[in-house]
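Since the structure comes first, as structure tokens, the remarks are kept for the end.
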Amino acid sequence: MKKLIGLKKIKTAVFISGRGSNLKNLIKFANKKKFPISINLVISSNKNAKGLKFAKKNKIEKKTINFANLRKAENKILYLLSKKKINFICLAGFMKVLSANFIQKFNGKIVNIHPSLLPKYKGLNTHKRAMENNEKFSGCTVHYVTSKLDSGKIIMQKVVKITKNDTIKSLEKKILKKEYILYPLAIKKILINL
Ligand code: GRF
């Protein structure tokens, strides 16, 4: 993707559906002077998403969008994004699949974090499937979003070891810790001229 950084931070929206711990972490980084994005909008597909509280706490505009009708939902989001002059989107535990039409409008400017070593274990229940397959390693991936689920170009990955004492919960915890390091790093990698 074209390097976007100038002197100003890139106005970013984070899309969530639930807990929002990656959102919380990205807000922490975005509050640092040298981090290339500011978070100006949080979109949730779920009005009860716990993560919405992090937007509120940090005085970031937040909107819950009803996805019963995808086209209407996306039009509403596109309106909000243009109103807030958003130029970059981070998906963080966002459980809806965006249409090709929407993605095209933000081509190369939507990224996602996924809790597996893609291309392995796209979709849901990644930790359970990795353990059932007796994988020795798992991890997390930040990738560009395309219209094919969890299939866009990989930006960065972090690996964790699966030990014999691991449970789905412990593996999730270990990987989440890595996610909090990886997502900010991957954002820096694509947005700052190193
Ligand atoms: C994370 O594991 C992320 O990789 C996946 O969904 C989970 C979201 O967690 N896409 P949180 O809502 O950021 O706490």
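We count ligands from 1, going down the list as the structure has it; atoms in each ligand are counted the same way. Every value quoted in this text rests on a predicted model; they were computed, and no experiment measured them.
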Trace of the ring-ring contact (aromatic ring centres under 6.0 Å, His included) decision for F106 with Y144: CA-CA 11 Å; F106 263 77; Y144 287 107; over 10 Å; no
Which residue is it: F94, F54, Y183? I am looking for the one with a side-chain contact (heavy atoms from CB on, under 4.5 Å) to L23. F54
Answer yes or no for K32 and F29: cation-pi contact, defined as NZ/CZ to six-membered ring centre under 6.0 Å and angle to ring axis within 45°. yes
Does a side-chain heavy-atom distance below 4.5 Å link I37 with I187? yes
Taking the side chain as every heavy atom from C-beta outward, state whether L52 and K56 have any atom pair closer than 4.5 Å. no
For a 4.5 angstrom cut-off between non-hydrogen side-chain atoms, does Y121 reach D150? no
What does the contact table look like for ligand 1 (nitrogen or oxygen on each side, cut-off under 3.5 Å)?
| from | atom 1 | to | atom 2 | distance (Å) |
| --- | --- | --- | --- | --- |
| ligand 1 | 2 (O) | E179 | OE1 | 3.3 |
| ligand 1 | 2 (O) | E179 | OE2 | 2.9 |
| ligand 1 | 4 (O) | I113 | O | 3.4 |
| ligand 1 | 4 (O) | E179 | OE1 | 2.8 |
| ligand 1 | 4 (O) | E179 | OE2 | 3.1 |
| ligand 1 | 9 (O) | R19 | NH2 | 3.0 |
| ligand 1 | 10 (N) | I113 | O | 2.9 |
| ligand 1 | 12 (O) | G20 | N | 2.8 |
| ligand 1 | 13 (O) | S21 | N | 3.3 |
| ligand 1 | 13 (O) | N22 | N | 2.9 |
| ligand 1 | 13 (O) | N22 | ND2 | 3.0 |
| ligand 1 | 14 (O) | R19 | NE | 2.6 |
| ligand 1 | 14 (O) | R19 | NH2 | 3.2 |
| ligand 1 | 14 (O) | S21 | N | 2.8 |
| ligand 1 | 14 (O) | S21 | OG | 2.5 |

